[in-house]
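Here is the structure we will look at.
As the structure is a prediction and not an experimental result, all values here were calculated from the model.
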Amino acid sequence: MTEKNTEEKKTLADTVGGVLTKYRVFFLCVIVGLIVVAVAWGIISYVSSSSHMKGLDQLDAIMHTLSKEASAANDEAGVDAAREVALPQVLELAAKNKGMIVGLRANMAAAELYFSQGKWSEARDCWLEAAATKDAGYTAPVCYYNAAVCSEELSDADAAISYYEKVLSSGECEFEPHVLFSLGRLSEGKGDYVAASENYLSLKDQYPSDAWTNLAESRLIALRAEGKIQ
């Protein structure tokens with residue numbers, strides 16, 4: 001391999017890494033936005049049910065208090081303390097309303113709290129509990145997506161692939177390009193270059209103008225140059 005080719009590969013790797021870092025912030029913003037939508041959907045869907053509304057009101061009160069106390073905190077320790085107070089209340093609400101919309105929302109809220117603390121395993125469990133709720137609807141792909149992200153943080157590539165595939169099979173995925181790229185990246189990391197190329201090509205075919213497609217094309221070029229795929 002010439003010095004020029006080596007330099008080109010290094011530049012490509014740096015570019016991919018930089019873009020992935022940039023989009024990490026993006027997908028976290030997407031997560032928050034979708035949760036807000038899910039909250040609104042839950043309230044509207046069950047506005048006529050007093051029992052559901054009572055539970056939703058309790059959850060909203062807990063999260064509102066958390067928000068106020070976190071905003072008033074002078075440091076991260078104060079924010080963590082506010083989370084530690086809110087978390088058991090949210091988990092209790094989730095347990096009491098298992099399988100219902102209140103339980104769904106409570107599990108999602110608990111998952112966010114765990115996620116913010118870097119407790120990936122606990123966060124994943126809550127996302128999966130929320131996804132298993134009968135009325136999860138279009139929030140299920142969001143939950144599986146976040147379960148996959150937590151699995152990546154836990155270096156559990158097989159679980160991450162499984163949950164990303166559940167996102168795609170839901171048929172209601174709003175961020176499929178990122179999921180397809182993630183599947184390709186994870187497959188590549190496992191040495192399954194055929195599966196990686198299939199996901200990259202699927203992304204290229206379905207979303208030719210997406211930013212993730214540009215990354216996928218770069219990876220395809222690199223894999224071909226390395227003789228890992230035809």
Side-chain angles (χ1 to χ4, degrees), residues 16-17 19-35 37-38 41 99 103-104 107-108 110-112 114-115 119-220 222-224 228-230:
V16 172
V19 174
L20 286 175
T21 300
K22 176 181 177 182
Y23 275 80
R24 180 178 179 84
V25 176
F26 169 77
F27 78 70
L28 287 176
C29 291
V30 170
I31 292 169
V32 174
L34 288 171
I35 289 174
V37 172
W41 169 77
L104 166 65
N107 273 306
M108 293 177 75
E112 279 294 306
Y114 279 132
F115 194 94
K119 296 181 179 180
W120 314 119
S121 182
E122 293 87 345
R124 180 172 65 178
D125 289 344
C126 287
W127 286 123
L128 294 175
E129 186 71 31
T133 305
K134 181 180 66 174
D135 296 321
Y138 72 85
T139 61
V142 178
C143 295
Y144 283 126
Y145 176 91
N146 289 316
V149 172
C150 290
S151 296
E152 289 204 59
E153 294 289 349
L154 291 165
S155 299
D156 189 349
D158 289 334
I161 289 173
S162 173
Y163 298 135
Y164 279 134
E165 288 176 342
K166 284 182 179 293
V167 174
L168 295 180
S169 65
S170 70
E172 300 179 5
C173 177
E174 298 182 18
F175 30 91
E176 186 168 318
H178 183 207
V179 172
L180 285 169
F181 183 83
S182 295
L183 283 169
R185 172 175 51 79
L186 288 168
S187 296
E188 191 176 338
K190 287 167 59 69
D192 190 348
Y193 303 116
V194 172
S197 66
E198 288 175 349
N199 282 292
Y200 291 146
L201 288 170
S202 180
L203 174 54
K204 181 179 178 180
D205 292 341
Q206 295 181 55
Y207 302 95
S209 301
D210 195 89
W212 289 107
T213 300
N214 295 333
L215 284 174
E217 290 178 328
S218 296
R219 293 311 306 148
L220 286 168
L223 290 173
R224 292 190 184 106
K228 294 175 178 177
I229 60 172
Q230 298 298 316

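Atom CG of Asn146 sits about 6.5 Å away from atom CZ of Phe115, to the nearest 0.5 Å. Note that the CG atom of Leu203 and the CZ atom of Arg219 stand 13.5 Å from one another [nearest 0.5 Å]. Note that CG of Asn107 and SG of Cys143 are 8.5 Å apart. Values are rounded to the nearest 0.5 Å. With rounding to the nearest 0.5 Å, the separation of OH in Tyr207 from CD in Glu176 is 3.5 Å. To the nearest 0.5 Å, atoms SG (Cys150) and CG (Asp156) are separated by 11.0 Å. Distance CD/Glu198 to CD1/Ile229: 10.5 Å, rounded to 0.5 Å.
Minimum heavy-atom separation, Asp210 to Pro177: OD2-CB, 3.5 Å. Between Pro141 and Val167 the shortest heavy-atom distance is O-CG2, 3.5 Å. When every heavy atom of Pro208 is checked against every heavy atom of Thr213, the shortest pair comes out as O-CG2, 3.9 Å. Considering every non-hydrogen atom in both Ala160 and Leu186, the closest pair reads CB-CD1, 3.8 Å. Closest non-hydrogen pair, Val179 versus Tyr164, comes out as CG1-O, 3.5 Å. The minimum heavy-atom distance linking Ala159 with Ser151 is given by the pair CB-OG, 3.7 Å.
Between Tyr163 and Tyr145, a ring centre-to-centre spacing not shorter than 6.0 Å is recorded.
Here the side chains of Trp120 and Tyr114 are not in contact, with every heavy-atom distance at 4.5 Å or above. Between Lys190 and Ile161 the shortest side-chain heavy-atom distance falls below 4.5 Å. Tyr200 is listed as a side-chain neighbour of Leu223, based on a closest heavy-atom distance under 4.5 Å. Taking the side chain as every heavy atom from C-beta outward, Gln230 and Arg224 never approach each other to under 4.5 Å. A 4.5 Å side-chain heavy-atom check between Leu168 and Leu180 finds at least one atom pair inside the cut-off. Between Trp127 and Tyr144 the shortest side-chain heavy-atom distance does not fall below 4.5 Å. With contacts defined as side-chain heavy-atom distances shorter than 4.5 Å, the pair Met108/Cys126 does not qualify. The shortest side-chain heavy-atom distance between Leu220 and Ser197 falls under the 4.5 Å cut-off.
A salt bridge links Glu152 with Arg185: the distance from a Lys NZ or Arg NE/NH1/NH2 to an Asp or Glu carboxylate oxygen falls below 4.0 Å.
By the 30° and 60° cut-offs, the orientation of the rings of Trp212 relative to His178 is parallel.
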Could you go through Glu165 and Ser169, starting from their C-alpha distance and side-chain angles, then the distance that decides it, and tell me whether this counts as side-chain hydrogen bond (donor to acceptor under 3.5 Å, both in side chains)? CA-CA 6 Å; Glu165 288 176 342; Ser169 65; over 6 Å; no
Give the intermediate values and the outcome of side-chain contact (heavy atoms from CB on, under 4.5 Å) for residues Phe181 and Leu215. CA-CA 8 Å; Phe181 183 83; Leu215 284 174; 3.5 Å; yes
Check the pair Tyr138, Glu174 against side-chain hydrogen bond (donor to acceptor under 3.5 Å, both in side chains), reporting the backbone distance first and the verdict last. CA-CA 10 Å; Tyr138 72 85; Glu174 298 182 18; over 6 Å; no
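A donor-acceptor distance shorter than 3.5 angstrom exists from the side chain of Ser187 to the backbone of Leu183, with no hydrogens or angles considered. A distance-only check finds no donor-acceptor pair linking the side chain of Asp192 to the backbone of Glu188 [under 3.5 Å].
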